[in-house]
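Quick caveat: nothing in here was measured; it's all calculated off a predicted structure. Here, residue 1 is the first one in the sequence, and each next residue gets the next number.
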Amino acid sequence: MATAVLLHHIPFNPQSPNPNSLKSHYPRSSTITCSTTTSEVLSAKRHLLNLVSDQERGLKTLNNPSKRSEIVEAIDAMAVLGQDTVTTGDSLSATWRLLWTTEKEQLFIIEKAPLFGTQAGDVLQVIDVEKRVLNNVITFPPSGVFFVRSTIEIASPQRVNFRFTSAVLRGKDWEFPLPPFGQGWFESVYIDDDIRVVKDIRGDYLVVDRAPYAWKE
């Protein structure tokens with residue numbers, strides 16, 4: 001989750017400083033400090049959430065370029081509101097639940113899951129900044145799950161570099177390891193107590209909210 005499940009190679013050559021040195025320069029939490037009012041932020045946020053609410057996490061947007069453009073425009077507006085904030089501190093650590101994305105790999109799995117006798121449940125991105133880990137997760141209730149483990153490093157106030165380390169397809173009484181490969185980066189261009197808005201190395205977009213639970217392996 002790129003910010004979601006990606007099992008193919010992504011060209012990547014980040015020129016990022018040591019994450020430990022960044023830690024001393026950037027605050028651990030983010031606050032909207034630019035010259036915008038609370039009402040402007042709430043209005044832009046409400047507009048974005050309304051646009052994605054009926055898009056089936058992005059499935060309906062795939063064949064609707066005008067809707068995609070409208071949503072991307074709303075995301076760009078959120079990025080302007082968040083441009084002076086740090087989004088790679090403690091506030092990034094959470095279980096994030098997919099609301100909408102343009103990432104075709106995730107959407108393919110969500111759409112095709114019924115062909116394998118199941119349905120995709122929550123699609124998650126589980127981040128722990130302190131431990132420098134990220135899990136991209138697709139659940140298949142009641143007991144199935146596909147997740148990709150990654151290591152991360154903080155590259156800038158809004159950018160996170162990631163590298164895939166392993167992948168697992170798991171059922172109730174079985175587990176099948178898969179060999180992921182690839183690396184890249186994503187930028188959380190806006191974050192608050194409710195949602196996070198993301199752009200990534202491939203030009204994909206992600207809108208997630210804070211899940212009402214913490215996912216554990």
Side-chain angles (χ1 to χ4, degrees), residues 1-12 30 32 34-85 87 92 94-116 118-125 127 136-140 146 148 158-160 162 182 184-211:
M1 279 171 123
T3 57
V5 177
L6 297 178
L7 300 181
H8 60 280
H9 178 67
I10 303 173
F12 179 57
S30 61
I32 298 296
C34 51
S35 58
T36 56
T37 66
T38 300
S39 62
E40 286 178 309
V41 174
L42 290 176
S43 177
K45 177 179 169 181
R46 188 180 304 114
H47 177 58
L48 174 60
L49 293 177
N50 284 339
L51 287 174
V52 305
S53 63
D54 63 350
Q55 293 301 296
E56 297 180 7
R57 295 188 280 198
L59 288 176
K60 292 177 68 174
T61 320
L62 284 172
N63 298 314
N64 191 339
S66 62
K67 187 71 171 183
R68 184 187 190 279
S69 296
E70 191 176 8
I71 293 172
V72 169
E73 184 177 342
I75 287 174
D76 288 340
M78 296 301 296
V80 171
L81 295 174
Q83 64 186 343
D84 296 323
T85 65
T87 63
L92 182 60
T95 296
W96 298 98
R97 180 175 53 185
L98 178 66
L99 299 179
W100 182 84
T101 188
T102 60
E103 291 179 355
K104 293 180 179 179
E105 292 82 8
Q106 287 191 73
L107 295 174
F108 177 84
I109 295 173
I110 293 170
E111 182 179 31
K112 301 304 181 183
L115 296 179
F116 300 93
T118 186
Q119 295 283 342
D122 284 346
V123 178
L124 308 168
Q125 192 177 63
I127 301 174
N136 291 308
V137 183
I138 299 179
T139 62
F140 302 99
F146 172 57
V148 178
Q158 295 196 339
R159 179 172 293 190
V160 173
F162 64 86
W185 56 259
F186 64 86
E187 293 180 341
S188 298
V189 297
Y190 177 87
I191 193 171
D192 64 20
D193 291 339
D194 303 312
I195 69 168
R196 184 165 61 97
V197 181
V198 182
K199 299 180 181 181
D200 71 21
I201 188 174
R202 300 192 311 167
D204 277 318
Y205 298 87
L206 186 76
V207 181
V208 293
D209 69 356
R210 293 182 188 270

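For A77, there are no side-chain contact (heavy atoms from CB on, under 4.5 Å) partners two or more places apart in sequence or in a different chain. Here S66 pairs with N64 under the side chain to side chain donor-acceptor pair (under 3.5 Å) rule; sequence neighbours left out. Every residue meeting the salt bridge (charged side-chain N to carboxylate O under 4.0 Å, His left out) condition with R159, not counting sequence neighbours, appears here in chain and number order: E187. Residues satisfying the side chain to side chain donor-acceptor pair (under 3.5 Å) test with T139, not counting sequence neighbours, are none. Take D122 and apply the salt bridge (charged side-chain N to carboxylate O under 4.0 Å, His left out) test, not counting sequence neighbours, and it matches no residue. For S188, the side chain to side chain donor-acceptor pair (under 3.5 Å) criterion is met by R196, not counting sequence neighbours.
Between W185 and F162, the shortest heavy-atom contact is N-CE2, 3.4 Å. Annotation for E40 and T37: closest pair OE1-N, 2.9 Å, computed over non-hydrogen atoms. The minimum heavy-atom distance between A120 and A113, with the atom names listed, is N-CB, 3.8 Å. What you find for A94 and R210 is that their closest heavy atoms are CB-NH1, 3.5 Å. The minimum heavy-atom distance linking V80 with Q83 is given by the pair O-CG, 3.1 Å.
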Could you tabulate the donor-acceptor pairs under 3.5 Å formed by side-chain atoms of residues 67-76, not counting sequence neighbours?
residue : atom : partner : partner atom : Å
S69     : OG   : P65     : O            : 3.1
D76     : OD1  : K199    : NZ           : 2.9

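Proximity of a side-chain donor or acceptor of T102 to a complementary backbone N or O of Y205 within less than 3.5 Å is detected.
Among V207, L99, I110, the single residue meeting the side-chain contact (heavy atoms from CB on, under 4.5 Å) criterion with R57 is I110. Across Q106, K112, E105, a single residue satisfies side-chain contact (heavy atoms from CB on, under 4.5 Å) together with F108, and that is K112.
To the nearest 0.5 Å, atom CH2 of residue W100 and atom CG of residue D209 are 15.0 Å apart.
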Original post:
What do the steps show when you test V160 against L92 for side-chain contact (heavy atoms from CB on, under 4.5 Å), and what is the final call?
Top reply: CA-CA 10 Å; V160 173; L92 182 60; 3.8 Å; yes
**OP:** For side-chain contact (heavy atoms from CB on, under 4.5 Å), just list the numbers for L51 and H47, CA-CA rounded to whole Å, side-chain angles, deciding distance to a tenth of an Å, and then say yes or no.
**Re:** CA-CA 6 Å; L51 287 174; H47 177 58; 3.5 Å; yes
**OP:** Run the numbers on V41 and Y190 for side-chain contact (heavy atoms from CB on, under 4.5 Å), then give the verdict.
**Re:** CA-CA 10 Å; V41 174; Y190 177 87; 3.3 Å; yes
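For the 3.5 Å distance criterion, the side chains of T87 and T85 fail to qualify, holding no donor opposite an acceptor.
With a 4.5 Å cut-off on side-chain heavy atoms, V189 and M78 do not count as touching. Side-chain contact between Q125 and N136 is present, with heavy atoms from C-beta onward closer than 4.5 Å. Here the side chains of V123 and T101 are not in contact, with every heavy-atom distance at 4.5 Å or above.
Here salt bridge (charged side-chain N to carboxylate O under 4.0 Å, His left out) pairs that include residues 43-56, with residues two or more places apart or in two chains, are K45-D192, K45-D194.
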